[in-house]
Structures are given as structure tokens and as C-alpha cells.
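The structure appears below as C-alpha cells.
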Protein chains: 2
Amino acid sequence: MSKLNQKALSIFALGGVGEIGKNMYVIQYADDIVVIDAGLKFPEEEMLGIDIVIPDITYLQENKDKIRGILITHGHEDHIGALSYVLRHLNVPVYATKLTIGLIEVKLKEAGLLGEAKLNLIDNKSEVELGCFTASFFKTNHSIPDSVGVCLDTPEGCIVHTGDFKFDQTPVNNQMSDMAKMAKIGERGVLALLSDSTNAERPGFTGSEREVGQAIKEQFHKCKGRIVVATFASNIHRIQQVIDAAALYDRKVTVIGRSMVNVVNIAIDLGYLNVPEGMLVEPEEINKLPAERVVILSTGSQGEPMSALTRMARSAHRKADILPGDTVLIAATPIPGNEKYVARTVDQLFRIGADVIYGSNIHVSGHGSAEELKLMLNLMKPKYFIPIHGEFRMLRQHALLAEQCGVQPENIFLIDNGDTVEISGGKARYGPKVNSGIVLIDGLGVGDVGNIVLRDRKLLSQDGILVVVVTLSKQNGTILSGPDIISRGFVYVRESEALLEEANRIVGQTLNRCMEENVNEWSSLKTNVRDALGRFLYEQTRRRPMILPIIMEV
Amino acid sequence: MSKLNQKALSIFALGGVGEIGKNMYVIQYADDIVVIDAGLKFPEEEMLGIDIVIPDITYLQENKDKIRGILITHGHEDHIGALSYVLRHLNVPVYATKLTIGLIEVKLKEAGLLGEAKLNLIDNKSEVELGCFTASFFKTNHSIPDSVGVCLDTPEGCIVHTGDFKFDQTPVNNQMSDMAKMAKIGERGVLALLSDSTNAERPGFTGSEREVGQAIKEQFHKCKGRIVVATFASNIHRIQQVIDAAALYDRKVTVIGRSMVNVVNIAIDLGYLNVPEGMLVEPEEINKLPAERVVILSTGSQGEPMSALTRMARSAHRKADILPGDTVLIAATPIPGNEKYVARTVDQLFRIGADVIYGSNIHVSGHGSAEELKLMLNLMKPKYFIPIHGEFRMLRQHALLAEQCGVQPENIFLIDNGDTVEISGGKARYGPKVNSGIVLIDGLGVGDVGNIVLRDRKLLSQDGILVVVVTLSKQNGTILSGPDIISRGFVYVRESEALLEEANRIVGQTLNRCMEENVNEWSSLKTNVRDALGRFLYEQTRRRPMILPIIMEV
């Protein structure tokens, strides 16, 4: 790992390129570092038992004293979810807008870090000095209020990081994107633009959140029974529109699901959600109301097995049920990988007699489509372009859009996490690689699970384990007890008695042969047992369970 | 489990309703049984280590002597994939069309069952006497040639099973659906219709396979380098269109991937695929050809990790590579659950510099959409309707379509596997439940893995296992050796030495306390160890690994 060029501006990602999630971008000039976002990612299917994944911040830990601050673009988990892990190691100042700080505080409180944390409130008028950098901010539209993009003035020029954005011309809270400010930044000259690629593959424009409100109202208009609305807990715009529809049709609203309750409370406290007096009721109250007066606002739009909606669908929720005749609006589309969970939940809801409205009619994305990405490119008119927030094909598609908007192909950098773009004297090139990677979090363990452990979990999950135990005599190496074979996750023991007996016989035979041949080093004994038993089991079953020989000596 | 009504016609599914896959339908009257299809299903994500899932055929085994035959509607795995397991227990006659028999023969040969199997060729003119039943067949369009629907004349009236179908008005092989025959069956009177619900949620009509051919040709027209086409191995219509495009643009074709090679060979042998003389070349030949003369036809359109396309993308295929400048057409859409695999493969292909055409432009479904389902309903004009082939929401949507087409709501039966519909004297009602369920196949094991084994695999996959071994003296119960703790899939041992040492101490302490308190029954000792260690580990790590205490006595 070579050192970064001290006389250049270096830009790199510790997470967020070549993937969706765990966003963390770093901009460094000499002894000053600014970090943008500190997000988490949910584990891939093959990361068995892992709860969340965060960026490896070794580079930041090694350059702790240079970090002037962490700027947070908005309050989604993939932008704030690693903060409590990062601040434990680097207690540097954090800058964020009001709602974002509200959401961060909840996390830091849970982690016991709220006391020392240096949280600083910013808005779209703030200017923040960060060593040799000056940061300012512009409002964007996204599926959570109070999202901003970052304009970072550096000794080499202005770097713009869009955060997540779309251009919603009719936003629910009437907070328009700072188009004029973006245009001014563009006119002043943008050296490099880092822009959100999530929807680069989608042509056209993303719909306005207000369209979802209209669709929700239409459903409320039609519906005579109880209404259940499941959506993302953090989509306060959408929650506002559910509240508005409830007000229009004179229904009370109850909120179910921990994260939804948290967000609604914070949003009301901070003034991001307008709820008419007396509209919110406790879940216990809804059974006393007539069906046509009830709205249940719930988490679980992704069909997560433990979410409120899924538990209600299984009649396994402590506080609320879904009843025949209820209408369930799933106001979300499945995140890739969740399609099956959502489908199962929909099936379950239909089976209990609810009507379910699902699919793309009552959802719009929070990310701009191709035309909006081009609009951003044309407002900013950057010299250099680095597509961020996206898997490789999205970054690549975004690069093609940038070319269409006049960015020179050689000025577009398709980077992986850890790749640096180094700009010096107005010229950009690839710089040295920076340490990057992933840290797996499993329960309280941070980084104590890695490839070997995951490989073992994978093996165990496929064919289970056989533990072979034998006790040998210290004096003469004879077998005092065993061999005993205990299996888990391999076969039904009762139905495979003959197989396991034969396995036992083979282990005994192998051990005896080893004794005769004076193979008495433990590692050789174990290898012999593992090989003989593994071969036998594969022949008989075409499976390869993990085999764990244990030799005790007394 | 009560007995079926001997004086009624009974219709039920052993697989295929409430799910996609493992289709198997049974029609019984007194001592005569006809089975339609014998398919497999790929395992759900939580069925760890399982290869395939087939229907539980206990009912058929118990009524072996009554089975007059198995009718197969077409050659897809979800309709023929369980045959080799079923015929092992029930060597009854099988009836299928020419291509379908060709594909079945490959399976039976692999299973060593081809010798005894009683395979009977049928076509759309055949009439087959099966006890009190007479079966006849009508041609349908589907994503594999030689698909048929079944018309079964029974003592109660005519039962129609559509198989999988769409109405393709411009089929690639010019084999139209037998619309006139369907209309005649309808005019004669259909007592009950069992119809394919896969695409019941999709409005409108499904596109013609010929549109895909047009899209493929356009890509061939544009493309100057090598072309790789990945699609479903069994979609012979699509393979034909790739061959046709290759002929048009003077390219040679090589076939990669075991299942694609198999199908192409069978299809050529049986006359279902027209390949110009000399067009097919061995993979070894393609490197000798100029790039603009090459087509690679490959499996892997679902991004399956071990498929030819994915291995080529990783440069891990023995016979062929994908090179920068190649164009890859993924002529398929992801089956639900496979989206992530496909996305990864696309990313990988882009990374190595290939151009990738993916998404819905070069694929159409093999299943009819809502308007086609209505067309079938209107052709058949059934008295009773049983939607089949679909998860619950699809069946439900299909039921709504049937209502729109004039089927009385009370004459629509939404059944689960094992539910019987009993028709007697022209009146249908729900009959007794029949034994149904799933059989899991893991390697050579058929049914030796069930819920307990899967639960163990799930546990093992989440947090791994700790094996605690101790050797006690037979005489006085003192510890002769151990306790030793071996862990797999739990933590990195090197980074968690202190944790494991403390765990060891706690086990020792627990055992000693047990000795002092004269707890020396093994099961109590084990329970004490499991509880103490489990509690400690959960406090320290918030994980719950499987704990397997093993006590040896010498």
C-alpha cells in the first residue's frame, strides 16, 4: 500500500461503489481529510449469520488526526448505519441536517455514544471550514426529508457529491431541490462530480412522490373496511400522505413496528410530520373503532419474516391482527433479493381473506432516473466525473450518460472501493490503492467473523457435521472409549441407523489399522479418519458433511 | 385421512397449487387413477443443502394397483423432474409426446430405469383408454415444443387440464395451438377446467416468441464481435431463432453447458431443431474463427454460480472464455429469487469488457397473460374451475378472471395440495383430504432429510457449533481429560482466544459443581454445560451457536 500523494487532492470510496450500500467517501488533501457518509449494508445471502456489513476503516484509523469531520447527506441506514462503529474509534465532528441528526442520535444513544459525540447541525445555508476545505450544502429531493448534496471547496477546485437524489417537481413537503444553487455551483466551475447511480439503468424520469399520495387517496376512497399501509419506516413523505388521506377520510391511525414508531416520533418532534390532534391512537384502541375508521401504518413492506406486517399476516403480532375484509396497501417495491419474501406475505394476506394492493402503482423510487442524472450533470458541468452509489453496471450506465452530456470519456473514473483518483494541477489520474474492505458484524462481534468462519458455516449449512470422538490410552495408545459418532444436520438418525453403524465400523477399522501401522501422531490419525469416513459417506449419500475427529488421551 | 368417495370423481393435486413447481395432479374414479405430470421444484432458500424437492407420493404408493397411467404435458423439469423417483416405486405406463419422451429417456437412463419403463408415444390425435377414462390431447404453445393439454373423459363428464400454455399467434415452428379442437371440447361440454395460472397477475397478452427472434436478429445485425447468447436450455424455439440469426449473418455456433448440449442433441435427432450442415462447431474450434463469425450458445441465463455463462464470466470455464468486445445477450428474465445472481453475472461481464444486453427486451414468457387465460376459459366454458400452476395470489387472480368469464363464484375451487374436489351427479364439493407433502432430495438421499435436520443446518449456518468434550472416570466420576472446546463457524479462534479460554473455564467450573452436587447423570451434566456455556456466549457475543457436549467414560 503506497502512500497518497501529499501534493494532490485524493478522492476515494471506502464503500458504495460496485455495490449498493455502506456508503463512505473520503476526500483528502495533504493533512486534511473529510469523510462523506458512514453507511451500512445488509449481508449478502452467502454471509451466513451476519447481521450487518460496514466498511473497513483501517485507513481512517491510521490517519485519525487528519480527519476534520464526517458530513452526512441524509438519514438512511446506508449512509448513517456505520456511524456508531466509526465514532467508537474516531470521535470526530459530524455534520448533518436536523432530521438526520435526530435519527443519528437514536443510534448513538443505543450504542452509549451520544454523550461524547460531536454532532453539528447544518442546513443549506451553512458553510463549514474543515482544514483546507470549505463545505457547503444544497437541498435535494429523496425518499427522506432533509437530504443534501455537498459542495466541497478544495485547494484544487470544487468537488460535488450529490448524495442520493431525484428531482421531484412537486415534492410533498414543498421543499424543492436547490436547483438555483446547483446551477450557481456549476457556473462557478466543478472540478469533479460524484453522483448517485442507483437508477442509471432506468430511462426517463422517476415519478413524483405526490403521485403515490394520489394513489393512496384513491384506495382510501374505495375502501370500506380497515386499511393497513406498509411502507419504509423512514419515508416520512409517504407517511405524511397516509396521514393526509386518513384525515380526508376521517380515519384514526395507529403505528406498528419499532422502526416506524421511532421515526414517526422523531419526525413529529422535529416538525417533519404534521399529524392532526387526536389522530394517532395506540394499537389497543383500534379494536374499539369501527372498521371504516381505522388505518394501521406498519413496517414490513419488504416481507421481512420478523416485521410487523408479516407477523400480523401470520396472526403472530402481539398488538394487532389483520382481519378478513381488511385492505393492505404495500406501498413499496421489493428491494432485489426480497421478492420472494414479499410474495409470501402477499399470499399469506390473501389466504386470511384480506385484499392486497401491491406492485408498482403505489410506489415511486427516491432515486433519479437517467433524465434526472443528465439534468444534474448539465447543472454541474463537471470536468471530471465519478459515478457512485451503484453496482458496476449502474456506474457504467451512468458513465455513458455523462458522455452523452459532454464529459470527456477519459475524464470519467469508474472506481472500485479503495481506488483513488488523484487530482493535481487540474489533472486527474488514478493514484495508489487505499486499504479497503468489509467488516462483518455478527451480534456483538465486530470483525471476529471472516472468510474461514463463513466457509465453515456454509459447509455446515449444506450437509451438517459429524463429530467422531475416541479416547486413547496414554500408555499404549489403545482405544479406551469410542469411537462415537454424533451427527447434526446430516441425516435423520433414526432412518439412517445402518449407515451410521457402518460409519462407526469404518472409523474403528481405520483407527486400528493406524495403530498397527504405528501411525500415532494425532494429526495423521485425524486425517486418516476424516478421509476414510468422508469417502464412505460420499459414496453412500453424495454428501460431504464436515467431519470433526476428536481424540482424547487419558 | 378419510377414504375418497368411491362413487364420485375425485380431483386433487399432490403438487403444483399454492406454488410454482412439482406439478402432479390426480384424477380418480372408483378403482381407476390417472396422474398428470410428475415434476420437481427447486428448494426454497431455507431448505439448506437440499438439491431438489418432489411431491410426496404416499397416496399413489398405497393405491398403486389403480394407477392406469401418468400423462405428461411437456418436457420441463417442473413436469417431468420427479419421474425417475416416481417410476422407481410405481412402474406404470407413461404417455407423452415425442420430444417429451426424448427428454424423459435421458433422465431415466441416468437413473438406470430406462429398461423397464413403459413409455408410450402420443400426439394430438391419440386417444388412450385408461380404465374408465379416455384421454385425448390438444396442442398448446409454450416455451418448449410438443406441449399438450389433456382432455379426460370420465364417467362424470369431461375434465380438461391445460398444461402450461400461451396463445402464440405466430409461433416459431408454425405449430399453432389446437384452437378448433379446444373449441370443440368446449362445445361438447367441460365439467371442470384445470388451467395454468402462472401469469394470471399480468394483464393483456404475452408476446410472441417470434418477437424475441426479431430482437435477436437486430442485435446480430449491429454486432461486429463475437456473440454469446444465454437462454434456457429447453427453449428450443429460441435456440432455433439463434441458429436462424447465425445463418443469416454467416456465423458458426458452438454450444456450451451440459443441459444445453443434451437438449440440442435430442432436438436435432428428433427433428425439432433445424441446423444448417456444418454450422455447429466444437468449442475448441471457435478460437480459430474470426470474432464476427462466432456465436456461443450457453446456459446460465439465471446467473447460476456453476453455469457455463457464469464460469466463462469468471474465466473459469475449461472450454471457452468471454473476451473484451464480446456481446452477451441474456435472452431470459430472472426467475424470482435469481435477480441477484443475474445482476452479479452482468456486472462481471461488464467488468471484463463485454457488452451485455439484458432485461425484458429479448425474452417473452411461455405462459399466457390474463387475456389468454380468459380466451381459454371462453373456449372451454367449464362448469367448474380449478386454477392450478401458481402461488396463492396467482390462483386467486385467475379465479377472478374466471368469474369475469361467467363461471359461478361457488363453482370455483381454490385448492391446496391434498385438497380434493369431488364431483358426483354433476355436483362438485370439497371431499376428504389426501396425504400430500414434500420429499427433500439431498445427494442420493430421498426423504432422509426433514425438519429436524434442516433446523440443525439453519442453526449451524447462523452461528456455528461448539463441541465440548470431556472424559470422566468410570470409577469415581472425576475428570480424566478435558474439557476441550472445539468450535467451527463460530469465531476466528486466533482473535477470540480469551473468549474461548473463559468458556473453557466456565465448562470446567460447571462440571466440578455438578460433581460436588452429585449430579452425575449424563443428560443432566450435558444440560448444565449447555446452559452455562450458552448463557456466557450469548452475553459476550449475542450469538447462539449450537453447543454439543460429549462425555466419554473410561
Side-chain angles (χ1 to χ4, degrees), chain A residues 18 44-45 48-49 201 336-337 339-340 343 346-348 350-351 356 359 391-393 396 442-445 447-450 452-454 456-465 467 469-471 473 480-482 484 486 488-492 495-496 540-543 546 548 550 552-554, chain B residues 18 44-45 48-49 201 336-337 339-340 343 346-348 350-351 356 359 391-393 396 442-445 447-450 452-454 456-465 467 469-471 473 480-482 484 486 488-492 495-496 540-543 546 548 550 552-554:
Chain A
E44 306 286 324
E45 212 174 292
L48 294 166
E201 294 177 296
E339 294 84 354
K340 283 205 162 185
V346 172
D347 278 347
Q348 188 56 35
F350 274 132
R351 277 179 190 274
V356 192
E391 296 177 1
F392 189 79
R393 64 196 181 286
R396 186 180 169 283
D442 179 2
L444 296 181
D448 65 346
V449 167
I452 298 173
V453 173
L454 288 183
D456 282 351
R457 287 182 186 174
K458 173 85 182 164
L459 272 177
L460 290 166
S461 76
Q462 292 302 299
D463 291 324
I465 186 169
V467 182
V469 211
V470 63
T471 310
S473 155
L480 297 178
S481 163
D484 287 338
I486 300 104
R488 288 290 183 275
F490 175 54
V491 289
Y492 266 144
E495 300 196 353
S496 307
Q540 296 293 313
T541 66
R542 289 287 180 279
R543 298 181 206 169
M546 183 182 281
L548 191 61
I550 299 176
M552 307 287 285
E553 221 175 29
V554 295
Chain B
E44 306 286 323
E45 210 174 293
L48 295 166
E201 293 177 296
E339 295 84 353
K340 284 204 160 186
V346 171
D347 278 348
Q348 188 55 35
F350 274 132
R351 278 179 189 275
V356 191
E391 297 177 0
F392 189 78
R393 62 195 182 288
R396 186 180 169 282
D442 180 1
L444 296 182
D448 66 345
V449 167
I452 297 172
V453 173
L454 288 182
D456 282 350
R457 288 183 185 174
K458 172 85 183 162
L459 271 176
L460 290 165
S461 77
Q462 291 303 298
D463 291 324
I465 186 169
V467 182
V469 212
V470 62
T471 310
S473 153
L480 296 178
S481 163
D484 286 339
I486 299 104
R488 288 291 184 274
F490 175 53
V491 289
Y492 264 145
E495 299 197 352
S496 307
Q540 297 292 314
T541 66
R542 286 289 179 282
R543 297 181 207 168
M546 183 183 282
L548 191 61
I550 299 176
M552 308 285 284
E553 222 174 25
V554 296

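Computation of the quantities below employed the complete heavy-atom set of this structure, encompassing side-chain atoms and omitting hydrogens, waters and symmetry-equivalent molecules.
- Contact count versus chain A (heavy atoms, under 4.5 Å) is highest, among Gln348(B), Glu553(B), Lys340(B), for Lys340(B).
- One finds the CG atom of Leu454(B) at 11.0 Å from the OG atom of Ser461(A) (value rounded to the nearest 0.5 Å).
- Only the side chain of Ser496(B) comes within contact range of chain A, judged by heavy atoms closer than 4.5 Å.
- Put simply, the side chain of Asp448(A) never gets that close to the backbone of Tyr492(B): no donor and acceptor are under 3.5 Å apart.
- For chain A, the nearby parts of Val491(B) are the backbone and the side chain; heavy atoms of each come within less than 4.5 Å.
- Listed options Asp456(B), Val449(B), Val467(B) were ranked by heavy-atom pairs under 4.5 angstrom with chain A; first place goes to Asp456(B).
- With a 4.5 angstrom heavy-atom cutoff, Val356(B) does not touch chain A via any of its atoms.
- Summarising the geometry of Arg351(B) relative to Gly18(A), their closest heavy-atom pair is NH2-CA, 3.9 Å, with the distance given to 0.1 Å.
- Using a 4.5 Å cut-off between heavy atoms, Glu391(B) contacts chain A through both its backbone and its side chain.
- The structure places CD of Glu45(A) at 4.0 Å from CD of Glu45(B), a figure rounded to the nearest 0.5 Å.
- Within the 4.5 angstrom heavy-atom criterion, atoms from both the backbone and the side chain of Val469(A) approach chain B.
- Pairing each heavy atom of Ser481(B) with each of Val554(A), the nearest pair is CB-CG1, 3.3 Å.
- Among Ser473(B), Ala343(B), Gly359(B), the residue making the largest number of heavy-atom pairs under 4.5 Å with chain A is Ala343(B).
- Taking CE of Met552(A) as the reference point, atom CE of Met552(B) lies at 8.0 Å (rounded to 0.5 Å).
- Interface remark: Leu459(B) contributes no atoms to any contact with chain A (heavy atom separation under 4.5 Å).
- Leu480(B) CG to Thr471(A) OG1: the interatomic distance, rounded to the nearest 0.5 Å, is 9.0 Å.
- For the set Lys458(A), Gln462(A), Glu44(A), the count of heavy-atom pairs under 4.5 angstrom toward chain B peaks at Gln462(A).
- Most heavy-atom pairs under 4.5 Å with chain B, from the set Gly482(A), Gly464(A), Gly450(A), Gly447(A): that is Gly450(A).
- With chain A as partner, the option from Leu48(B), Ile452(B), Val346(B) having the largest number of non-hydrogen pairs under 4.5 angstrom is Leu48(B).
- No donor-acceptor distance shorter than 3.5 angstrom exists from the side chain of Arg542(B) to the backbone of Asp442(A), with no hydrogens or angles considered.
- Interface remark: Gln540(B) contributes backbone atoms only to the contact with chain A (heavy atom separation under 4.5 Å).
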- Message: Show, in sequence, the C-alpha distance, side-chain angles and deciding distance for Arg543(B) and Leu444(A), and conclude whether the side chain to side chain contact (heavy atoms under 4.5 Å, CB included) test is met.
- Response: CA-CA 8 Å; Arg543(B) 297 181 207 168; Leu444(A) 296 181; over 6 Å; no
- side chain to side chain contact (heavy atoms under 4.5 Å, CB included) assessment of Ile486(B) paired with Ile550(A): CA-CA 9 Å; Ile486(B) 299 104; Ile550(A) 299 176; 3.4 Å; yes
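- Of all heavy-atom pairs between Leu460(B) and Arg457(A), the closest is O-CG, 4.0 Å.
- Only the side chain of Arg396(A) comes within contact range of chain B, with at least one heavy atom under 4.5 Å from a heavy atom of that chain.
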